[in-house]
Each structure stands twice: as C-alpha cells, then as structure tokens.
Engineer: 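Dropping the structure in here first, questions after.
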Amino acid sequence: FSAISCKDQPVYSNFNGFVQGTTYSIIFENSGKYDVSAVQNEVEKILRDFDMSLSLYEDSSVLCRLNRNETDIPDDLFTEVFKRSKELSALTGGAFDVTVGPLVKAWGFGPDARKNFSESDKDSLMQIVGIEKVDILDGRLIKSDPRVSLDFNAIAQGFSVDIICRYFDEKGIKSYLVEIGGELRVKGDKGGDFWKIGIDRP
C-alpha cells in the first residue's frame, strides 16, 4: 500500500493485485478516513463474489451451474447483468448476444480451449443461440432449450469495474480510478488535474 500526496493537495491511496485471471489497480482520494487494507479486502471480496456469480472459470459459479441446468435460480448479480445484457442486445439489433456460449466453445475459446468448429456445425449450433431463447421470469432462468448456455465475458469485466465504483460511491469517496484488466473508470479529478492514463504499446 502507499499514499500519494502533495503539499496542500488531497491525499490519495492506492493498491493493486491479481483477480479474474488479470491484474487490477485502484487509486482513491483518502484524507485518512479510510483504512486502505480494509478497503482492499472489501474490494477483493466483492470481486470474489462477482466471480462466484458470473465466471465461466469457476466451476461452482452460479453461471456454470445454470449452464449445466443444475439450478434455475440466478442470484441478484447474475440477474442484474442478464437484464443489462438484454438491453444491450436490443440496442445493437442483436449484435451483442450472451447466448453465444456454444459458438465460443466450439471455436476453442473459454475454459476448455479446444477448437472443434466446422461450417457443418454452424446450423445446429445456431439453433441454440439467440437472446430470445432465454429469460428470467419470477426469479427463475427459463430456457427454450436446455442446451442454451450463457457467456458474459464480453460484459463481465467492465461490469465488475462498475460494481467497484458503486462501492466507492456508497462509501462517499468522491475521486477515484478503478482499473481491472484494462477496463477503466474514473470519477472526479486528481488534485485538481485530469486523471492521466498511460497506454502501453498503443
């Protein structure tokens, strides 16, 4: 942990670590009101809970269990991300679609990266792809076909940044930078200056 300060300027605390298979880095204004270690512990707990809801790499996550039809009960985080995903699908005319899981898997991406896709598979796979084939009704995930599976990787990491920012907002922190795996969001400024973001090998 470290604190960054200049004379007559606000004090900033920062910490970083490793989550979701990538790195994260956080800077926030802290005049001594917040214990940095406690904030980091809480952030990492939020991110662990996030993984246990939405990660394809955590075998016991809510997402993996729903994909395997072991349950039809999503948690609150899953429900929030699913609803936002449906909104994005509508806004993009279906270009954004979290039901592409079977196609992603067939192309060799994701936890079991083994490409076995051929054009002859396309038609059969497309029968179980489409956001209209899944919905949440009365607190239950309803699939038109049990083979439908969801993949939130296109939205999850950016959404995890939003969740951490929500936590900082609830704590009353007015100025911060949150970065997870290159997904980034800032609020306020840094001692009266714009936040400066470096891009490695743009």
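Quick caveat: nothing in here was measured; it's all calculated off a predicted structure.
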Engineer: Could you tell me whether Asp135 and Lys86 make a salt bridge, using a distance below 4.0 angstrom between a side-chain N and a carboxylate O?
Structural biologist: yes
Engineer: With clusters defined by side-chain heavy atoms of hydrophobic residues (ILVMFWY) lying less than 4.5 Å apart, directly or transitively, does Phe159 cluster with Ile26?
Structural biologist: yes
Engineer: So, taking the atom named CD1 in Ile163 and the one named CD1 in Ile180, what distance separates them when rounded to the nearest 0.5 Å?
Structural biologist: 10.0 Å
Engineer: Using the side chain to side chain contact (heavy atoms under 4.5 Å, CB included) definition, which of the options Val36, Ile27, Asn30 pairs with Asn14?
Structural biologist: Ile27
Engineer: Would you give the length of the straight line joining atom CD of Glu42 to atom CG of Asp35, rounded to the nearest 0.5 angstrom?
Structural biologist: 12.0 Å
Engineer: Are the side chains of Tyr176 and Glu29 in contact, using a 4.5 Å heavy-atom criterion?
Structural biologist: no
Engineer: Taking ring-ring contact (aromatic ring centres under 6.0 Å, His included) as the criterion, tell me which of Phe78, Phe96, Tyr57 meets it with Phe152.
Structural biologist: Phe78
Engineer: Are Ser53 and Asp75 linked by a side-chain donor-acceptor pair shorter than 3.5 Å?
Structural biologist: yes
Engineer: Test Tyr167 against Val39 for side chain to side chain contact (heavy atoms under 4.5 Å, CB included), laying out the working first.
Structural biologist: CA-CA 10 Å; Tyr167 162 72; Val39 172; 4.1 Å; yes
Engineer: For the residue pair Asn16 / Ser25, report whether a side-chain donor-acceptor contact shorter than 3.5 Å exists.
Structural biologist: no
Engineer: Where the side chain of Glu80 meets the backbone of Phe82, is there a donor-acceptor pair that is under 3.5 Å apart?
Structural biologist: no
Engineer: Going by an N to O cut-off under 4.0 Å, is there a salt bridge joining Asp169 and Lys187?
Structural biologist: yes
Engineer: Evaluate Leu56 against Asn67 for side chain to side chain contact (heavy atoms under 4.5 Å, CB included), listing each step before the verdict.
Structural biologist: CA-CA 9 Å; Leu56 283 174; Asn67 280 345; 3.7 Å; yes
Engineer: Do Val81 and Leu47 belong to the same hydrophobic cluster, where Ile, Leu, Val, Met, Phe, Trp and Tyr are linked whenever their side-chain heavy atoms lie under 4.5 Å apart, directly or via other members?
Structural biologist: yes
Engineer: Tell me whether Asp162 is salt-bridged to Arg185, with the criterion being a basic N under 4.0 Å from an acidic carboxylate O.
Structural biologist: yes
Engineer: Going by heavy atoms in the side chains, are Gln157 and Thr22 under 4.5 Å from each other?
Structural biologist: yes
Engineer: Taking Asp145 first and then Lys143, would you say they form a salt bridge - that is, a charged N and a carboxylate O separated by under 4.0 Å?
Structural biologist: no
Engineer: Quick check: Phe168 with Phe28 (ring centres under 6.0 Å apart)?
Structural biologist: yes
Engineer: When you compare the side chain of Pro74 with that of Ile136, does any pair of heavy atoms fall below 4.5 Å?
Structural biologist: yes
Engineer: Would the distance check show the side chain of Glu179 and the main-chain N or O of Gly182 forming a donor-acceptor pair, the cut-off being under 3.5 Å?
Structural biologist: yes
Engineer: Checking Thr92 side chain against Ser89 main chain: does a donor-acceptor pair fall under 3.5 Å?
Structural biologist: yes
Engineer: Report the distance from atom CG of Asp72 to atom CZ of Arg140, rounding to the nearest 0.5 Å.
Structural biologist: 4.5 Å
Engineer: Below 4.0 angstrom, N of the basic side chain to O of the carboxylate: do Glu87 and Arg84 qualify?
Structural biologist: yes
Engineer: For Ile128, does its backbone N or O pair with a side-chain atom of Lys133 as donor and acceptor, under 3.5 Å?
Structural biologist: no
Engineer: Treating Tyr34 as the side-chain partner and Lys171 as the backbone partner, does any N or O pair qualify as donor plus acceptor under 3.5 Å?
Structural biologist: yes
Engineer: Has the side chain of Arg68 got a donor or acceptor atom that lies under 3.5 Å from a matching backbone atom of Asp59?
Structural biologist: yes
Engineer: Do Ile164 and Val178 have side chains that get closer than 4.5 Å, going by heavy atoms?
Structural biologist: yes
Engineer: Is it true that a side-chain atom of Tyr12 and a backbone atom of Gly191 form a donor plus acceptor pair closer than 3.5 Å?
Structural biologist: yes
Engineer: Which value, rounded to the nearest 0.5 Å, describes the distance between Arg147 atom CZ and Ser149 atom OG?
Structural biologist: 10.5 Å
Engineer: Would you say Met52 and Leu150 are hydrophobically clustered, going by side-chain heavy atoms of ILVMFWY under 4.5 Å?
Structural biologist: no
Engineer: Short question: side chain of Thr71, backbone of Leu66 - any donor-acceptor pair under 3.5 Å?
Structural biologist: no
Engineer: Drop me the distance from Cys165's SG to Leu184's CG, to the nearest 0.5 angstrom.
Structural biologist: 8.5 Å
Engineer: Calculate, to the nearest 0.5 Å, the distance between atoms CG and OG belonging to Leu77 and Ser160 respectively.
Structural biologist: 9.5 Å
Engineer: I'd like to know if the side chain of Asn69 and the backbone of Pro146 have a donor-acceptor N/O pair within less than 3.5 Å.
Structural biologist: yes
